[in-house]
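Worksheet: the structure to be examined is printed underneath.
Note that the coordinates shown come from a computational prediction; the quantities given were computed from them, not determined experimentally. Below, all heavy atoms of this structure are taken into account, side chains as well, without hydrogens, waters or symmetry copies.
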Amino acid sequence: NYFGLTDSLAYQARNQTALCAYLAGHFINAESQLLQMSASGGIKDSLLIIQSIPLYVLVLNEEKKWNEAKEKLHDWVTFLKLPMVTKDSLIKSIERVYEEKNQPKLKKQGTAKILSSIVPGTGQIYAGYFFEGMANASLQGASLLLTAFGIYSGYYITSVVVWFGLFQKFYSGANIRTEFLVEKKNNELTRKYNDRLKKEIISMQKTE
């Protein structure tokens with residue numbers, strides 16, 4: 001309950017709570033705390049709210065809201081008491097690191113599923129795991145060949161139950177695995193980009 005607290009104490013409490021939530025990976029909770037600073041009935045001292053922007057930007061980055069984070073950084077630089085030359089330099093740095101071409105090209109779950117369903121292994125390859133995709137395609141192909149060979153040889157039940165059953169296992173397993181690999185790749189790409197942004201933001205704070 002923040003009722004009756006001074007702006008300074010309310011800022012410290014909410015900012016520290018948001019920081020702890022951010023470090024724990026609870027980004028929605030962190031953003032909620034930061035939003036409530038500027039909400040109606042929140043902190044009235046705009047200078048305190050400005051101080052929270054770098055943390056807010058880090059939270060938005062983790063939520064992949066990079067364009068919103070860029071605008072927040074622009075607002076932050078505007079309020080800094082720095083020479084215009086320094087501000088212009090910071091703005092250019094912000095534009096550079098948040099430029100769309102520098103943002104990670106995230107893989108789409110829907111595309112990966114469709115590819116994996118149509119051509120075995122292509123979902124994993126699309127996700128960035130070429131050798132795993134080729135291995136899965138080989139296993140599914142071998143299972144179908146053994147099914148066909150068994151039917152041709154007259155082993156109908158064995159072929160359908162064993163070899164075609166094995167193909168179905170590989171097929172359904174590949175689709176589940178593809179979802180996991182897309183999420184893994186996206187997390188890797190996002191982590192690499194956000195770590196770069198974090199270094200830039202920390203560097204910018206040192207100019208205050």
Q: Measure the spacing between NZ of K184 and CG of L189 and express it to the nearest 0.5 Å.
A: 12.0 Å

Q: Flag the pair T190 / K64 as yes when at least one side-chain heavy-atom distance between them is below 4.5 Å, and no otherwise.
A: yes

Q. Can you find a heavy atom in the side chain of N175 that is under 4.5 Å from one in the side chain of K113?
A. no

**Q.** Option from Y193, Y98, F27 for which side chain to side chain contact (heavy atoms under 4.5 Å, CB included) with N61 holds
**A.** Y98

Q | Step-by-step side chain to side chain contact (heavy atoms under 4.5 Å, CB included) determination, T17 to R14 | A | CA-CA 5 Å; T17 302; R14 287 203 182 277; 5.6 Å; no

Q. Can you name the residues that form a side-chain contact (heavy atoms from CB on, under 4.5 Å) with I114, not counting sequence neighbours?
A. I118

Q.
I need the minimum non-hydrogen distance between V182 and A112, along with the two atoms involved.
A. CG2-CB, 3.5 Å

Q: Just jot down the salt bridge (Lys or Arg N to Asp or Glu O under 4.0 Å) partners of K72, sequence neighbours excluded, or say none.
A: none

Q: Please indicate whether K105 has more than 12 foreign heavy atoms, meaning atoms of other residues, nucleotides or ligands, lying under 6.0 Å from its NZ.
A: yes

Q: Compare all side-chain heavy atoms of E95 with those of H74 and state whether any distance is below 4.5 angstrom.
A: yes

Q) Partners of D7 by side-chain hydrogen bond (donor to acceptor under 3.5 Å, both in side chains), sequence neighbours excluded? A) none

Identify every side-chain donor-acceptor pair in residues 195-202 under 3.5 Å, counting partners at least two apart or on other chains, and give the distances.
| from | atom 1 | to | atom 2 | distance (Å) |
| --- | --- | --- | --- | --- |
| D195 | OD1 | R191 | NE | 3.0 |
| D195 | OD1 | R191 | NH2 | 3.2 |

Q.
Among residues at least two apart in sequence or on other chains, which ones pass salt bridge (Lys or Arg N to Asp or Glu O under 4.0 Å) with R177?
A. E132

Q) What residues, two or more places apart in sequence or in another chain, satisfy side-chain contact (heavy atoms from CB on, under 4.5 Å) together with S93? A) R96, M204

Q. If Ile, Leu, Val, Met, Phe, Trp and Tyr residues are connected whenever their side-chain heavy atoms lie under 4.5 Å apart, and connections chain through other members, are F130 and F180 in the same group?
A. no

Q) In chain order, what residues pass the salt bridge (Lys or Arg N to Asp or Glu O under 4.0 Å) check against K185, with sequence neighbours excluded? A) E188

Q: Could you walk me through whether W66 and N194 pass the side chain to side chain contact (heavy atoms under 4.5 Å, CB included) test, one step at a time?
A: CA-CA 9 Å; W66 293 303; N194 282 343; 3.0 Å; yes

Q: Calculate, to the nearest 0.5 Å, the distance between atoms CD1 and CD belonging to I43 and Q51 respectively.
A: 10.0 Å

Q. When rounded to the nearest 0.5 angstrom, what is the spacing between CG in L82 and NZ in K87?
A. 6.5 Å

**Q.** Spacing of OH belonging to Y171 relative to OG belonging to S116, to within rounding of 0.5 Å
**A.** 7.0 Å

Q. What residue pairs, at least two apart or across chains, pass salt bridge (charged side-chain N to carboxylate O under 4.0 Å, His left out) with a residue in residues 45-61?
A. none

List, one per line, each side-chain donor-acceptor pair under 3.5 Å for residues 133-141, sequence neighbours excluded.
| from | atom 1 | to | atom 2 | distance (Å) |
| --- | --- | --- | --- | --- |
| N136 | OD1 | Q140 | NE2 | 2.5 |
| S138 | OG | M134 | O | 2.8 |

Q: Kindly compute the distance separating CD (Q109) from CG (N186), expressed to the nearest 0.5 Å.
A: 7.5 Å

Q: Could you state whether F170 and L145 fall into the same hydrophobic cluster, counting links through intermediate Ile, Leu, Val, Met, Phe, Trp or Tyr residues with side-chain heavy atoms under 4.5 angstrom apart?
A: no

Q: Please test M37 against L48 for side chain to side chain contact (heavy atoms under 4.5 Å, CB included), starting from the C-alpha separation and ending with a verdict.
A: CA-CA 9 Å; M37 286 190 190; L48 290 174; over 6 Å; no

Q) In Å, rounded to the nearest 0.5 Å, how long is the span from CG of N29 to CG of L34? A) 9.5 Å

Q) What's the verdict on side-chain hydrogen bond (donor to acceptor under 3.5 Å, both in side chains) for Q168 and S172, showing C-alpha distance, side-chain angles and the deciding distance? A) CA-CA 6 Å; Q168 288 180 312; S172 60; over 6 Å; no

Q | Whether T178 side chain and A174 backbone form a donor-acceptor pair below 3.5 Å | A | yes

Q) Who pairs with E183 by salt bridge (Lys or Arg N to Asp or Glu O under 4.0 Å), at least two apart in sequence or on another chain? A) none

Q: Answer whether the closest heavy-atom distance between the side chains of V97 and N102 falls below 4.5 Å.
A: no

Ignoring hydrogens and angles, write down the donor-acceptor pairs under 3.5 Å from the side chains of residues 119-129, residues two or more places apart or on other chains.
| from | atom 1 | to | atom 2 | distance (Å) |
| --- | --- | --- | --- | --- |
| T122 | OG1 | L115 | O | 2.6 |
| T122 | OG1 | V119 | O | 2.6 |
| Y126 | OH | K108 | N | 2.9 |

Could you pull out every donor-acceptor pair under 3.5 Å between side chains of residues 148-167 and any protein atom, sequence neighbours left out?
| from | atom 1 | to | atom 2 | distance (Å) |
| --- | --- | --- | --- | --- |
| S153 | OG | F149 | O | 2.8 |
| S159 | OG | I151 | N | 3.1 |
| S159 | OG | Y155 | O | 2.5 |

Q | L80 side chain near L90 side chain, heavy-atom distance below 4.5 Å | A | yes

**Q.** Minimum heavy-atom distance S52-N15, with the two atoms named
**A.** CB-OD1, 3.8 Å

Q | Pair L55-Y22, side chain to side chain contact (heavy atoms under 4.5 Å, CB included): steps then yes or no | A | CA-CA 8 Å; L55 175 57; Y22 166 76; 4.2 Å; yes

Q: Say whether L60 and L23 are linked into one hydrophobic cluster, either directly or through other cluster members, by side-chain heavy-atom distances under 4.5 angstrom.
A: yes

Q) Between N67 and Q103, is any pair of side-chain heavy atoms under 4.5 Å apart? A) yes

